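First up is the structure itself, then whatever we jot down about it.
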Amino acid sequence: MIPAPFTYRRAWSVDEAVDLVSRDGEDAKFLAGGHSLLPLMKLRLAVPQTLVDIGRLSELSYIRDQGDHVAIGAATTHGELAGSSLLARDIPLLAHVAGQIGDPQVRHCGTIGGSLAHSDPAADLPGVVLTLDATLVARGPSGSREIAAADFFRGLFESALEPGELLTEIRVGKPAVPGWAFQKFTKRAIDWAIVGVVVQGGRVSLVNMGQAPVRAAAVEAALASGGSPREAAAHAAEGTSPSDDLNASRAYREHLARVLVRRALEDAQAAA
Amino acid sequence: MTVNGSQVAAEVPDRTLLVHFLREQAGLTGTNVGCDTSSCGACTVLLDGRSVKSCTLLAAQADGRSVVTIEGLADGAGELHPVQRAFRAEHGLQCGFCTPGMVMAAVSLLAENPAPTEEEVRTGLEGNLCRCTGYHNIVRAVLAAAGERETS
Amino acid sequence: MSILGTRVVRTEDPRLLTVGGTYVDDLRVPELAHAARVTFVRSPLAHALITGIDVSAAKEAPGVVAVLTVADMDDLPPPPPPPEEGAEPPPGSEAAPLPLGGPWAEPLLAVDRVRFVGEPVAMVLTDETYQGEDAAELVSVDYEPLPAVVDFDSGLTSQSLLFPAAGSNVALTIGAADDDAAFDACEVVVEQTIVNQRLAPVPMEGRATAAVWADGKLTVWVSTQNAQITRFILMGAFGLDMAAIRVVAPDVGGAFGAKIGADRDALLVAWAAKHTGRAVRWAETRSENLVGMTHGRAQRQHLKIGGTRDGRILAYRNVVVQDTGAYPRMSGFLPFLTGLMASGPYDIPTVQTAYQVVVTNTTPISAYRGAGRPEATAAVERAVDLFAAEIGMDPGQVRRINLVPPDKFPYSSGGGAVYDTGEYVAVLDQVLAGAGYEELRAEQARRRERGDTLQLGIGLASYVEITAADAAGGETARVVVHDDGTATVYTGSSAHGQGHHTAWAMLLHDELGIPMDDITVLHGDTDLIPFGTGTYASRSLQLGGAAVKVAAGDVKEQARGVAAAMLEASEADLELDTGLGVWQVRGDPASSRTWAEVAAHAGPQGLAADANFQSQPTFPFGTHLAVVEVDTETGKVRLIRHVTADDAGTILNPLLVDGQRHGGIAQGAAQALLEEMVYDPDGNPVTGTLVDYAIVTAAELPSFELLTSETPATSNPLGAKGIGEAGTIGATPAVQNAVIDAVSHLGIRHIDMPATPARVWAAINEATATTGEGL
């Protein structure tokens with residue numbers, strides 16, 4: 001219930017935040033909304049020695065129209081994404097999915113940067129940035145770099161971020177092909193996805209069908225060669241490695257993937 | 001931080017959760033702890049006007065900001081907030097343990113969506129668990145409070 | 001115009017809505033000012049020998065006041081000797097839930113063996129809360145693991161014994177129920193084994209206790225349903241006289257049967273206060289609560305039902321295996337009640353019940369909203385639907401044919417109960433009409449015809465249940481009218497959400513005419529109310545409310561005498577105007593005297609009367625109808641309507657009654673669709689947090705449709721039966737039956753609870769694979 005003791009530091013600039021974390025190495029973590037990290041710390045599944053609070057960095061909270069893409073500050077909350085009229089107009093998939101995360105209280109605090117960095121295979125936003133081929137910008141002790149979404153999610157709670165690196169911006173290209181859909185299969189509305197499907201045009205990602213979100217390549221290929229949603233969806237489980245857990249067996253997840261991909265593709269085509 | 005309009009300041013261990021700061025240092029025990037996985041919402045308060053789960057925030061994250069708890073909802077003259085009035089009128093509480101968090105969540109919901117449908121109320125309160133009421137009267141209370149705001 | 005039967009908003013609410021309730025962890029009383037915090041060290045293993053405990057590192061941790069283990073518990077009296085073999089149990093004790101004891105005795109702190117994950121092994125006392133978890137992590141316990149017994153079958157057959165001295169894991173075997181003659185004579189017989197799954201009560205406030213030992217007196221504040229019973233338990237545990245113990249139940253944040261009296265953790269907190277001489281307090285975390293508070297249900301039932309092809313049920317059998325968890329805290333009480341109510345509201349000539357109680361390396365089982373009766377109803381309602389499916393008859397019609405008709409009351413059931421009053425067919429018809437049953441069936445048929453993905457299911461449950469099973473013990477009330485005209489009710493009941501303060505004030509106001517605002521209701525403090533039972537078994541209105549009415553009546557007669565003396569009139573000429581709240585000589589308003597004047601005339605103590613209302617159990621009844629939509633491609637179920645008629649006799653305050661029904665329906669539906677406490681084969685809880693133990697939220701439920709039916713009880717002056725548990729009892733089988741009904745056209749006859757998407761899909765998958773039909 002109570003985190004193990006740690007030292008709290010507050011950063012007032014991105015450079016300061018990076019500096020504070022790199023000082024303590026492996027034992028330091030960034031604290032944005034804290035809604036992925038603090039729950040782990042309260043159960044003592046994570047025991048960082050230092051937390052660097054980046055919640056005051058207003059410089060990381062923005063949603064900007066950059067012409068062919070939208071630049072989103074990593075500390076932008078899910079609630080802000082969901083309520084953004086810019087996103088509603090230009091990248092409605094992202095606004096919609098952000099509005100489905102957790103519950104209203106979580107959405108007031110949780111950030112896109114925090115969620116992506118946490119790399120939970122059951123989370124929704126990683127699937128979205130993967131589908132939209134977003135570019136993630138990170139700043140670390142040795143400077144800034146850009147990471148493609150396809151290279152970002154390495155495994156279970158493992159991202160491409162090096163120790164001391166902070167996500168600063170997510171650049172999402174405005175989709176060329178309209179027609180999007182999101183299927184999130186849960187027992188209860190607040191649960192993490194048992195299986196999720198994210199579609200934008202002909203691009204399809206799967207949530208919680210492996211240790212990281214995965215593009216449904218076989219589905220995309222079938223669509224590209226003119227397959228119907230039903231035909232393409234039959235390939236949904238190919239190349240995935242879903243787990244067996246309390247909520248679903250592997251076989252059930254594979255079945256759900258096929259059903260939900262079909263439904264998502266039908267929805268996306270109807271909306272296009 | 002400002003809690004219910006008054007300044008509260010204290011030195012606490014870095015790991016102090018906001019809910020404990022409110023209950024201990026600010027002396028406001030209305031806000032309750034109902035779980036340890038950010039699931040139940042009994043700890044919901046308003047932070048700069050928006051509902052948050054105070055068990056999932058460090059007190060330090062609220063430093064310099066403004067918090068409103070159930071104790072701060074009625075106005076200075078003791079006049080109940082429409083949501084408080086509606087919860088009583090509709091029997092939206094039984095044991096009362098989830099109630100402070102539920103009321104604050106409802107206040108925030110109505111601030112963002114002043115005329116919600118029943119479905120929007122139900123989805124909007126999904127972060128707040130109640131074991132006594134079955135939610136039926138809580139939903140009625142929130143809709144009634146929304147209606148009152150509309151007519152007032 | 002009486003206030004009784006009208007919708008009155010609660011007097012409890014202003015405080016709860018503005019500053020919040022004062023639950024144990026909110027107490028800021030002077031006695032607890034420097035209380036040490038208790039953090040328990042609990043077993044991480046389901047079954048193991050304890051080979052050593054090293055507290056040396058923990059003792060050095062910051063803020064540690066003490067680290068206590070069983071080795072420190074040398075200041076307690078020895079436990080009472082086990083009852084002699086063959087000794088007659090005290091009369092009525094089969095209705096009293098008591099631990100089995102003897103070789104199955106449960107210690108306070110684990111002694112040399114742990115039997116479930118979460119069992120308390122040591123206690124750490126610290127100056128501050130946050131220090132507790134840190135220090136507890138430093139307590140080092142050596143365990144030698146033993147094979148864990150985790151399910152019904154291993155409970156029955158495993159050679160790994162939890163209590164070697166008992167020689168078995170089967171704690172009780174009552175009855176055999178193996179006479180097939182009545183079934184052999186039936187045209188149609190259906191058998192099915194079903195599971196009523198293990199649940200966690202999850203009141204929003206977990207368990208909490210605070211205690212101080214000062215000047216030879218032990219004061220214990222505890223989140224309990226029964227302050228007086230808790231005092232008795234403490235007397236026995238510590239060898240103290242009643243006068244040396246005060247128990248206070250402050251506001252309690254829900255209980256549902258899992259906070260009856262005080263459990264071992266609460267006793268340990270009280271002991272720690274006495275042992276160290278320091279005030280102590282404890283409030284469990286939710287993770288602790290999910291393994292440390294008792295669980296509910298956990299029965300496997302083998303059902304057999306037989307009858308005629310034209311729908312008459314002639315024989316019914318329910319053989320129960322009750323998993324009681326690691327310690328039999330309630331002996332055979334729960335399956336006994338299941339057997340008592342086994343045949344439900346049906347007139348069945350042959351009813352056979354039997355049960356076994358097995359121990360397993362899991363959290364102990366105790367009462368949970370319904371306590372043995374939801375299990376009975378869920379079983380017979382499944383059996384009736386299975387029978388209906390077998391003979392191809394509408395489930396509503398089968399029920400109508402077999403429900404006990406109104407002219408057969410009082411009715412002696414095959415389970416051994418005597419049902420007082422009932423209109424079972426009337427509530428069935430009321431619900432069918434209110435739900436629009438014909439149109440629902442028509443819509444179902446249309447969707448089946450079209451082969452829709454979303455199929456409709458309609459589920460029924462007709463139930464009767466027993467409330468105030470221990471009515472012979474009664475409930476107390478003391479009514480005092482003070483010399484200023486205000487009144488106080490001291491009730492033995494112990495509300496934790498039920499609104500007794502409002503209800504008892506209504507009763508007093510109705511009887512005496514004293515304004516509601518001038519009535520104070522007190523409960524839960526043994527210094528103020530030394531004798532009482534508390535609130536469980538849906539007993540409080542019919543016993544505690546009745547006691548208030550009786551005591552109020554006594555006060556009224558005392559007042560009549562006093563007023564007569566004041567007015568120099570004869571008592572027969574005195575009347576009480578309850579509208580104005582004044583006494584007067586009939587026909588002479590100028591003679592009126594206020595309650596203040598009359599009470600003051602009686603003396604500085606005012607007027608007072610005590611009552612202890614003892615009675616018999618009552619049998620509320622009803623029908624629930626659930627409508628679900630099942631996505632046949634994914635198995636996901638959505639509850640779209642729930643219609644009920646719950647008849648608990650004369651309604652005192654419809655607001656409170658409806659609230660109890662709503663809460664019960666939600667918990668009942670949640671059992672059918674979502675909740676289950678799951679253990680892995682090693683006895684580790686898999687659903688150990690609220691992330692995985694799926695409590696229902698507002699988003700999963702519709703608004704409910706409640707119909708009114710009032711068939712008065714005859715055993716108490718209020719005509720009341722108990723409503724508190726009816727919702728849970730009726731809702732669970734209605735929803736389960738609805739889910740199965742939605743996919744019955746695929747040949748599916750049964751799906752165990754909870755009907756999660758995975759379970760429903762598995763049933764659909766198996767059924768369509770068997771038939772070779774695509775979806």
Side-chain angles (χ1 to χ4, degrees), chain B residues 13 15-16 20 23-24 27-40 42 69-71 73-74 78 80-81 83-85 87-101 103 118-119 121-140, chain C residues 7 9-10 12-23 25-28 129-130 201-206 251-256 283 285-287 289 495-499 655-656 658-667 669 689-691 695-704 727:
Chain B
R15 59 178 171 164
T16 304
H20 291 131
R23 289 174 55 80
E24 306 299 330
L28 299 166
T29 59
T31 306
N32 294 316
V33 175
C35 78
D36 45 16
T37 49
S38 314
S39 308
C40 80
T69 71
I70 188 74
E71 294 94 334
L73 208 53
L80 292 184
H81 189 284
V83 172
Q84 287 169 311
R85 270 204 298 279
F87 265 69
R88 185 177 190 204
E90 298 298 331
H91 188 37
L93 63 152
Q94 291 181 25
C95 83
F97 195 82
C98 79
T99 305
V103 167
E118 175 174 340
E119 192 180 327
V121 172
R122 287 182 174 279
T123 310
L125 293 179
E126 64 190 357
N128 289 77
L129 301 180
C130 172
R131 205 53 164 155
C132 292
T133 68
Y135 305 102
H136 181 112
N137 283 345
I138 290 175
V139 172
R140 285 178 59 92
Chain C
R7 190 180 191 280
V9 297
R10 298 199 323 171
E12 292 90 337
D13 289 353
R15 182 176 60 90
L16 295 175
L17 283 167
T18 52
V19 295
T22 302
Y23 309 91
D25 204 42
D26 298 334
L27 291 166
R28 298 290 180 264
T129 314
Y130 278 35
V202 190
M204 293 317 298
E205 185 209 10
D251 288 319
V252 172
F256 311 111
T285 66
R286 182 58 63 186
S287 298
N289 170 261
H496 37 283
Q498 293 89 338
L655 190 77
L656 300 178
D658 285 356
Q660 290 301 306
R661 292 164 77 182
H662 295 153
I665 292 167
Q667 283 180 305
T689 74
L690 289 186
V691 172
I695 297 293
V696 71
T697 77
E700 279 75 54
L701 295 170
S703 287
F704 310 121

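For clarity, every value in this text was computed on a predicted model and none was experimentally measured. Throughout, a chain's letter reflects where its sequence line sits, starting with A, and its residues are numbered from 1.
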Carboxylate-amine/guanidinium proximity below 4.0 Å for C:R28 and B:E24
yes
May I ask you to name which of [options] has the most heavy-atom pairs under 4.5 Å with chain B?
options: C:V696, C:L690, C:V691; value: C:L690
options: C:A255, C:G664, C:G254, C:G659; value: C:G659
options: C:A698, C:A699, C:G20; value: C:A698
options: C:T129, C:D26, C:L16; value: C:D26
options: C:V252, C:D25, C:T285; value: C:D25
options: C:P14, C:G499, C:G497; value: C:G497

For C:S703 and B:E118, run side-chain contact (heavy atoms from CB on, under 4.5 Å): C-alpha distance rounded to whole Å, both residues' side-chain angles, the deciding distance at 0.1 Å, then the answer.
CA-CA 9 Å; C:S703 287; B:E118 175 174 340; 2.8 Å; yes
Name the region of [X], side chain, backbone, both or neither, that has any atom closer than 4.5 Å to a heavy atom of chain B.
X: C:V202; result: both
X: C:Q660; result: both
X: C:N289; result: neither
X: C:I665; result: neither
X: C:Y130; result: both
X: C:R7; result: side chain
X: C:D251; result: neither

The criterion is side chain to side chain contact (heavy atoms under 4.5 Å, CB included); which residues satisfy it with B:C95, sequence neighbours excluded?
B:F97, B:C132
In chain order, what residues pass the side chain to side chain contact (heavy atoms under 4.5 Å, CB included) check against B:A74, with sequence neighbours excluded?
B:L80, B:Q84
Any donor-acceptor N/O pair, [X] side chain to [Y] backbone, under 3.5 Å:
X: C:R10; Y: B:Q94; value: yes
X: B:R122; Y: C:L701; value: yes
X: C:H662; Y: B:G134; value: no
X: B:R131; Y: C:P201; value: yes

Give the member of [options] that has the highest number of heavy-atom pairs under 4.5 Å with chain C.
options: B:S38, B:P100, B:S39; result: B:S39
options: B:L93, B:T16, B:V103; result: B:L93
options: B:G124, B:G127, B:A89; result: B:A89
options: B:R85, B:E119, B:R140, B:H20; result: B:H20

Evaluate the criterion side-chain contact (heavy atoms from CB on, under 4.5 Å) for residue pair C:L17 and B:I70; output intermediate values, then yes/no.
CA-CA 7 Å; C:L17 283 167; B:I70 188 74; 5.5 Å; no
Heavy-atom distance under 4.5 Å to chain C: side chain of [X], backbone, both or neither?
X: B:A42; value: neither
X: B:N32; value: side chain
X: B:T99; value: side chain
X: B:L73; value: neither
X: B:T29; value: both

Matching residue for B:H91 among C:L656, C:D658, C:V9 - test: side chain to side chain contact (heavy atoms under 4.5 Å, CB included)
C:L656
